[in-house]
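Some notes on the structure that comes next.
Below, chains carry the letters A, B, ... as their sequence lines are ordered, and counting in each starts from 1.
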There are 2 protein chains.
Amino acid sequence: MKVTIRDVASKAGVSAATVSRVLNKPELVDPETKQRVQAAIKALDFHPNAMARGLSVSRTDTIGLVIPGINDLFFTELYRGIEKACSENNMKILLFDSQHSRHRALEGFTFLRRHQVSGIIFTSKLVDQDYDALFDRIGIPVALALTEATGRTPLPAFKVDDVRAVFDVVAYLVARGHQRIGMITGESEDDRTGLLRLEGYRRAMLHFGIGYSESFVTSGNYRFDGGYAAMQELLKRQPINQLTAICTASDEMAIGAMRCLHDHGLSVPDDMSVIGFDDLQIARMVIPSLTTVMQPFEEIGEQVVRALLQRIEQPSELPRQGTYYMPHRIVERETVKCLNSSTSEEQLEKCF
Amino acid sequence: MKVTIRDVASKAGVSAATVSRVLNKPELVDPETKQRVQAAIKALDFHPNAMARGLSVSRTDTIGLVIPGINDLFFTELYRGIEKACSENNMKILLFDSQHSRHRALEGFTFLRRHQVSGIIFTSKLVDQDYDALFDRIGIPVALALTEATGRTPLPAFKVDDVRAVFDVVAYLVARGHQRIGMITGESEDDRTGLLRLEGYRRAMLHFGIGYSESFVTSGNYRFDGGYAAMQELLKRQPINQLTAICTASDEMAIGAMRCLHDHGLSVPDDMSVIGFDDLQIARMVIPSLTTVMQPFEEIGEQVVRALLQRIEQPSELPRQGTYYMPHRIVERETVKCLNSSTSEEQLEKCF
DNA sequence: GTGAAAGCGCTAACAA
DNA sequence: TTGTTAGCGCTTTCAC
């Protein structure tokens, strides 16, 4: 039924080994026989069985990718970089969606192991000591994107410096005359990112002598609705807080917050400045378009693949361990109002 | 190095066959031996090699998914349904991104074949006679999502009725007093969807006695920028056209069009009504939120998986061939202005 | 209830 | 340059 390498071999009047050679090392085979074999392959519409091959060479040229959720808008941006780097090194990708569940993520590792992936990229979510036991025995290189390892096992990780990035956001707002700056940070079990971003905010508020107050802070699940709800909460406190700007831990929450403000008859940026985090495609689609912090998703994706390939090819060395911070950048669009009369440039100077 | 089933076997003092049994048919093995084997599996941290298993049983429980581009926002919505149906039937998914290239799509088929997937879901893009030869010999069940087969080979396909959907959109606008209705349709080589949607528009304009004029129509690549550019073109003709509403072939283009209108100082919906197509997550995020046609992506995903499974399990029968139209629905939000004084309900009656 | 042996489709020595 | 042989790790008869 299924046509195998042996069928091709007999049709072409050669051995299976020869067919295998024309498939994998065509330069080693006589042009004339090669022709015959290729003709047979075509005639029979033969397609080599990747599993049989993988089993034989015990290599799959596949890397596994564990992601929190395919619906997270940032994921597709990251994927582009991963896909690019993989296809350049002709690696295949095996995707596993953990659906934001730690349990599923663990299942993912099992799944990928069974499928003999050469390496695993783990995305988002905190990687803490709970994973140590896993990584110790797994025997497969692992690299991290958009997260970092806090457990004992050091792992190459690529992300932006969340603390610094939010610090920069606050500095940016301060430079534009804002003082009463609120924060909508991220939350979810297993998440350290939200904490780091909050810490950046806290440090900056202290650094600029504004002072840190919990009443300026709420949190959400990084999604639109979470941002909306968090903004609503902030609005309740607004009579006391008198915020003029909000920084958020994600573009989606920023956009949710904008919608909330809109529903309360408030205008962005005239009544309230808003600043996002991620620079997703949607950031430039909304009106007003969203000023935000760009994470270099594509580059992160590329780097994490490279790091993995390096570990795959030289498993002995331990070249790249620990966290690599990739450069972030504030993308100026339309959601931040400058409260100064002086130029923002001058002010910026003052801040650093 | 790698621990195999034989290692487990010797550690547990049984044969490989027995280990295999506790893995696959645990009820056939003595509880006491089962215990020992399971202990050995745990102690050695054994993970069965999925490729070896696949090779042995010549089944992979995997379906292949060929998509046009992972960055297309609609894709993640579709994926959710596919993922759901697959995990319910514990099927795995092998993803292949064709990057909007017909050539890459063909590569995808080769790739998936090599990996012995049990079935293939092909998404978007026209499936015409060019594919016939492929499907004739492929010997793997194929089902279509968001597209349909126009070649000789009939294939189960799940999508909305594009003609009808846009017809309904126009009817909806007419019921609200619009007559001068423009259209931004989709375009790209290999695309029939844009044509179908345009046809729905054309028929409706004729049906309602408004008349069809090419000057009311532009097209774009379904993306934000395409919508922006198409709107710009329409705006040039606006002194003559005097449009009051635009229907579009995608939410992204609708949002691009909205941005364009905004940049020209025009307000949606007061100066121009806009209506999208897809009902993506972003449709409810933008301001004003987008009135649009909902495609039941998740259900389409589920159905296409079911159809595929059916063909996989009963390859002899040919139960579901041809196109199944899934119900669409207009989701009313904030981008359509009612120009009537009478209630829209009454008007709607009139239209049908 | 368990083991021995053959085989899934391919590749990689090693010979010829 | 080509063929023979063994084996990748697992499942599955068929005996016992």
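At whole-Å resolution of the value, CZ in A:Arg113 and P in D:dG9 are 15 Å apart. Remark: C1' of D:dC10 and CZ of A:Arg114 are 12 Å apart, rounded to the nearest angstrom. A straight line from CD of B:Glu27 to C1' of C:dT2 spans 15 Å, rounded to a whole angstrom. When the C1' atom of C:dA4 is taken as reference, atom CD1 of B:Ile5 falls 14 Å away, rounded to whole Å. In this structure, the CG atom of B:Leu44 is 14 Å from the P atom of D:dG9, given to the nearest Å. The distance from atom CG of A:Leu23 to atom P of C:dG9 is 15 Å, rounded to the nearest whole Å. Atom CZ of A:Arg59 and atom P of C:dT11 are 11 Å apart (whole Å). At whole-Å resolution of the value, CG in B:Asn24 and P in D:dT12 are 7 Å apart.
Between A:Thr62 and A:Ile93 there is no side-chain heavy-atom pair separated by less than 4.5 Å.
Applying the 4.0 Å criterion to OP1 and OP2 of C:dG1, one finds that B:Lys25 has every side-chain N and O outside that range. Contact annotation: A:Thr4 does not reach the phosphate of C:dG9 (side-chain N/O to OP1 or OP2, under 4.0 Å). Within the 4.0 Å cut-off from OP1 or OP2 of C:dT2, at least one side-chain nitrogen or oxygen of B:Thr33 is found. The side chain of B:Thr18 contributes an N or O atom lying less than 4.0 Å from OP1 or OP2 of C:dG3.
Near DNA chain D, meaning a heavy atom under 4.0 Å from it, residues 47-56 of chain A has A:Leu55, A:Ser56 in order of number.
Between B:Arg113 and A:Asp45 there is a salt bridge, with a side-chain nitrogen of the basic residue lying less than 4.0 Å from a carboxylate oxygen of the acidic one. With respect to the salt-bridge test (charged N to carboxylate O, under 4.0 angstrom), the residues A:Arg80 and A:Glu83 do not qualify.
Inspection of the B:Arg114 and A:His47 side chains reveals no N or O donor paired with an N or O acceptor under 3.5 Å.
Distances from the side chain of A:Arg21 to the nucleotides C:dG1, C:dG3, D:dT2 place D:dT2 closest.
Of the two residues contacting DNA chain C, namely B:Asp30 and B:Arg6, the nearest-nucleotide position lying further toward the 5' end is that of B:Asp30. Each of A:Leu28 and A:Ala17 was matched to the nucleotide of DNA chain D holding its nearest heavy atom; the match closer to the 5' end belongs to A:Leu28.
Within 6.0 Å of the CD atom in B:Gln35, the count of heavy atoms belonging to other residues, nucleotides or ligands does not exceed 12.
Contact annotation for A:Val19: no contact, since no heavy-atom pair falls under 4.0 Å across all strands.
Less than 6.0 angstrom separates the ring centroid of B:Phe109 from the ring centroid of B:Phe122.
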> A:Asp72 and A:His100: side-chain hydrogen bond (donor to acceptor under 3.5 Å, both in side chains), yes or no, with the steps?
Replying inline: CA-CA 10 Å; A:Asp72 294 340; A:His100 297 95; 3.0 Å; yes
